[in-house]
Every structure is written in structure tokens, then in C-alpha cells.
2 protein chains.
Amino acid sequence: MSHTLGIRQAQKLKTRQALLDAALRLLEHQSLSSLGLREVTRAVGVAPTAFYRHFDGTAALGVALVEQTLGSLHGMIGAILAETGDSEERLDRSVGLISRHVTAQPAHFRFIAREQHGGVGAVREAIAAQLRLFAEEVAAALAAEPESAGWDAEDLLMLGGLYVDHMVLTASALLDAGPDGEQEVVRVARRRLRLVTVGRAHWLDAP
Amino acid sequence: MSHTLGIRQAQKLKTRQALLDAALRLLEHQSLSSLGLREVTRAVGVAPTAFYRHFDGTAALGVALVEQTLGSLHGMIGAILAETGDSEERLDRSVGLISRHVTAQPAHFRFIAREQHGGVGAVREAIAAQLRLFAEEVAAALAAEPESAGWDAEDLLMLGGLYVDHMVLTASALLDAGPDGEQEVVRVARRRLRLVTVGRAHWLDAP
DNA sequence: ATACTCGGAGAACGGTTGTTTACTGAATGG
DNA sequence: CCATTCAGTAAACAACCGTTCTCCGAGTAT
């Protein structure tokens, strides 16, 4: 089944990945719409024309970058929410997990936050699609909890989307704050999350 | 006191405003970091060098655009929150107001949403400063309400920030959805806001 | 061993960019 | 009325851009 890649195909994947890595590094201080094709190839050390062997243009590279960045995160949220503990514990764990991920791979999150509303339509749509998927996953995980008794699917999806948006917002705030302000951001993020959780607990009280 | 502007200074302000307007129009389909200085002057019909009479570069233009766009919105939120009616009514009014503003001036909100996490640092900071100011205004308005009895300043600011972020998120969602999906976005935005309001009502129940 | 595939190199293309320098002419103020 | 200020112009600069075309040489399959 695992057909060992030919040394040719392997090299191609290698330079392709090099292009993606270089682009991600360059995108730390600028946005995709201003990223030059030549800029990327120069950073990698290949001819500008080699770029076209892998992507149609910087927009296509951006889409690939989205899938690589967000694709590897699926299931992570579900795993967190599936763990045991009271709501306060899980809340802290969630925020802590985000904080650690952002610290470990700042460039990835910066890219997503930046291009979520950026100037390249295809990339925006790719991110939106992934985040919608996340929201559905969170909704599914929430549905399995006893606290969700009596909730309809639409409200669960609303809550899932709220959590996802909060996650992205927190990641972005962490990046803006830097290492010094991290503690403060985490504090506020926790508190916001707690407010939402309180709202969730009393959601069915109102008409 | 109101020293009538000389016809010279008036002309300068006029072309300056023309530059800002043209830039805002161009920024509907791209982001600031890819906006060319010449592109703007070409749209206005002036020489590229005239640009420097008004701004140091496109970044400075962006900052001016932020202040013009968000500066005119101060007090609006406070006015809404100060109106009477039960929380459900005010909630609907708030979302409706955002929806109407976004429909009336899409380019302004698109610009803010796009550059909030965009590639130009100075613009990011300008937006962040304005939004922080908004959050403080909302917090001050909330503090005057009877529902806020027992709340400390920090929690009020947290809640104000939550409302502001929700507002920006809603505006962005409206822009992404277009006229067709507007109703759906408004529905979800209202529901999210209601959840936060429920959480607010029971915030002091928990330790 | 031979023919083929194909990732990458190289050169050249027209076009655009930001910025500098020197200049014009109308509004301004004494 | 006359000297000065100054918003906007015109030309030129070197640097960079995306894209096309042609070619090479190592990997591949027969």
C-alpha cells in the first residue's frame, strides 16, 4: 500500500514544502496579497519559474497553506472537550492549549488571523470553510455532553461557532500582546469563556 | 473662532479627501499592504508626487482612514445602550443598527475588518486603540445600568470588549454573506448576543 | 540500453513601483 | 504691489514584478 515515493517525486514534495515554509515565514510581517512570487523563490533558492511547477500563483499557495495549517488541527478540539473534569477545569485547559499552540507556532496562527478577512478571496473562503468545519465538530462534541440536554441543533452550532470565533480571537490577541502580555490575555480569555459557559447553563431558562 | 478656510487650504483638504475616498474604494478588493501609492493618485487624477503633500506613504493614509472611519462612530453605541426598553428590544436594536450601518457603508467596515489583523503594524495599532476606546465607552454605559450592580470595573471592561468584538465579527460576517445571507447572519448574531446577555444576568451567581 | 518525462534553470519581455529633483503658477500676507 | 509660500506637475531613476519561452539533465519506464 505504502508505495515508497520515487526520489523524483520526493524532491518535488521537498521543494514544495520549502516554498510553503518560506512563504509562511515571509508572511509574518506582511499579508498574502503583497507577497511576491519571486520573493518566495528567492528565499528558497530556486528560480522564479520553478514556482509554477507547484502553484498557479501566490493565491493557490495561500490555499495550500490554509489546509496545511488548519487541517492538522482537526480532532484536537474534540479531544479536549471529551476529557473529563468540571467545566472550570476544561475551560482552563482549553485556553492553556491555545496559548501553548500559539506560542509554539506563531506564524501559522498569524497567517490564519491575517488572511481570515484578507484581500485574497480564495484564501478567505478556504479559511471560512475550515472554521465552519471546526464549529460543526465542536457542536458535535457539545451535543454529547449532558449539559446540552434540550438544545436543538441550530443552537448547538451557534454555540460551537461562538467557541471557535473566541478561539481565533484569543490566538490573535496573544500574538498582538507578545510574551509579556500573555498572562493578561489568558486571564481575560478565561473570563470571557466563563461568561459564555454561564450563559449556556441558563440558556433554557428564558423563553 | 471659526476662521473660514482659505481657498488654498480648502483645496488641499478636498484632494486629501479625494485620496482617502479613492483609497477606500480600491481597498474593497485588496488589502492595504498591496495598495500602491500611484494606484491611488491615478484614481484621483493627480500626479503621484502630489501624494506626498498629504501622507508619508500608504501606511499613513491607512491610519488616517482608520481615524476617519471609526472616529465618526464614537458615542453611537452609548446612545443605543442609553435608550430604554427591555434587554431583548435593545439587543435587536443593536444588531439592526449594525446591519444598517454595514449595508450603508460596506467599504468602511470591510477596511476595518481586513486591516484589524492586516500586514501594516501602524494601522493595526490604530484600529486596536480605537476599539479599546469603544470597549471602554461600552463598559461605561453598562456601568450605569441597574443590571451591573456588584460588577467590578475589570469585568465590565471584559464585557464591553466582548460586545465590541462581537460587533466587529457580525459586521464582517454580514459583508461575507452578502445581501442574501443577511437575515441568517442577523439571526445568529442576535442569538449569540442573547447568550452573552443570559450569562451576564447570572454572572454573579457563581463564585 | 533507449526513449521519454518533467522539475528546475536561464534569459528576456513589458509593465509597474516608490522616490528624488527641479519647476510652475496661483493663493497669500505685509 | 510685491515677495513669499506651497499644492500640484513633469521627468527621470533604479528596482522589482509576473509571465513566457527555450533548454538542460537527471530520474523513470520499457
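Worth knowing before you read on, the calculation uses all heavy atoms, side chains too, and leaves out hydrogens, waters and symmetry mates. Here is the naming used below: chain letters follow the sequence lines, and residue numbers restart at 1 for every chain.
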Visitor: Can you tell me how far C1' of C:dG15 sits from CD of B:E39, to the nearest Å?
Guide: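 Rounded to the whole Å, the gap is 14 Å.
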Visitor: Give the rounded distance in Å between these two atoms: CD1 of A:I7 and P of C:dT5.
Guide: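 Spelled out: CD1 on A:I7 to P on C:dT5 is 19 Å.
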Visitor: What distance do A:E83 atom CD and A:R90 atom CZ have between them, rounded to the nearest 0.5 Å?
Guide: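 Spacing of CD (A:E83) from CZ (A:R90) equals 9.5 Å.
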Visitor: C:dT19 P sits how many Å from B:H54 NE2, rounded?
Guide: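 After rounding, the reported distance stands at 16 Å.
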Visitor: When you get a sec, tell me which of D:dT19, C:dG8, D:dG8 is the closest nucleotide to the side chain of A:R53?
Guide: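 Nearest listed nucleotide: C:dG8.
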Visitor: Rounded to the nearest 0.5 Å, what's the gap from OG on A:S31 to CG on A:L35? Could you check?
Guide: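 Separation between the atoms: 9.0 Å.
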Visitor: When you measure from the side chain of A:A47, which nucleotide among D:dC16, C:dA9, C:dT17 comes out closest?
Guide: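 Of D:dC16, C:dA9, C:dT17, C:dA9 is nearest to the side chain of A:A47.
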Visitor: Which nucleotide, C:dT17, C:dT21, C:dA9, lies nearest any side-chain atom of A:V46?
Guide: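 Nearest nucleotide to the side chain: C:dA9.
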Visitor: Starting at CG of B:L35 and ending at P of D:dC17, how long is that distance when rounded to a whole Å?
Guide: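 It works out to 18 Å between those atoms.
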Visitor: Give the ring-plane orientation class for B:F134 versus B:H74, where under 30° counts as parallel, over 60° as perpendicular and anything between as tilted.
Guide: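 Taking B:H74 first and then B:F134, their aromatic rings lie parallel (interplane angle under 30°).
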Visitor: From CZ of B:F51 over to P of D:dT9, roughly how many Å is that when rounded to an integer?
Guide: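 Atom CZ in B:F51 sits about 14 Å away from atom P in D:dT9.
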Visitor: Could you please name the option among D:dG8, D:dG27, C:dG8 that lies closest to any side-chain atom of A:T15?
Guide: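 Per side-chain heavy atoms of A:T15, the pick is C:dG8.
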Visitor: More than 12 foreign heavy atoms under 6.0 Å from CD of A:Q183: is that the case here?
Guide: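 It does not: A:Q183 CD has 12 such atoms or fewer within range.
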Visitor: Could you give the CD-to-C1' distance, from B:Q9 to C:dA26, as a whole number of Å?
Guide: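 To the nearest whole Å, that distance equals 16 Å.
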Visitor: Rounded to the nearest Å, what distance is computed from the OH atom of residue B:Y52 to the P atom of nucleotide D:dG8?
Guide: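 In whole Å, D:dG8 P lies 15 Å from B:Y52 OH.
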Visitor: What stems involve DNA chain D, if each pair must be Watson-Crick or G-U and both of its distances must be under 3.5 Å, with 3 or more such pairs in a row?
Guide: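 Result, WC/G-U stems under 3.5 Å: C:1-12 with D:19-30, C:14-17 with D:14-17, C:19-30 with D:1-12.
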Visitor: Looking at C:dA26, D:dC17, C:dT19, which one has an atom nearest to any side-chain atom of A:R38?
Guide: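 Closest nucleotide among those given: D:dC17.
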Visitor: Are A:S99 and A:E182 close enough, and set up right, to give a side-chain hydrogen bond (donor to acceptor under 3.5 Å, both in side chains), and what steps lead you there?
Guide: CA-CA 8 Å; A:S99 175; A:E182 181 182 333; 2.8 Å; yes
Visitor: Looking only at the side chain of B:L37 (C-beta and beyond, no hydrogens), which of the listed nucleotides D:dT9, C:dT19, D:dT28 gets closest?
Guide: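 Among D:dT9, C:dT19, D:dT28, the one nearest the side chain of B:L37 is C:dT19.
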Visitor: Report yes or no: is there a donor-acceptor pair, N or O only, under 3.5 Å between the side chain of B:R8 and the base of D:dC6?
Guide: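 Checked by distance alone, the answer is yes.
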Visitor: If you count heavy atoms of other groups shown closer than 6.0 angstrom to CG of A:D56, is the number above 12?
Guide: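 12 or below, so no.
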Visitor: Would you kindly give the CD-to-C1' distance between A:Q30 and D:dC17, to the nearest whole Å?
Guide: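 Rounded to whole Å, this separation is 13 Å.
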Visitor: Hey, which sits more toward the 5' end of DNA chain D by its nearest nucleotide, B:K12 or A:D56?
Guide: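 In this pair, the answer is B:K12.
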Visitor: A:A50 or B:G36: which one's nearest nucleotide on DNA chain C is closer to the 5' end?
Guide: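 Whichever sits nearer the 5' end wins; that is A:A50.
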Visitor: Can you figure out which of D:dG8, D:dT19, C:dT17 approaches the side chain of A:P48 most closely?
Guide: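 Closest nucleotide to the A:P48 side chain: D:dT19.
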Visitor: Less than 4.5 Å apart, side chain to side chain, heavy atoms only: is that true for A:R200 and A:L142?
Guide: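 The answer is yes, as the side chains (C-beta and beyond) meet within the 4.5 Å cut-off.
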Visitor: Describe the nucleic acid contact of B:R42 in one word from base, sugar-phosphate, nothing, applying a heavy-atom distance below 4.0 Å.
Guide: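 If one applies the 4.0 Å heavy-atom cut-off, B:R42 turns out to touch the sugar-phosphate alone, with no base involved.
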Visitor: For B:E28, does the CD atom have more than 12 heavy-atom neighbours from other residues, nucleotides or ligands under 6.0 Å away?
Guide: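 Yes.
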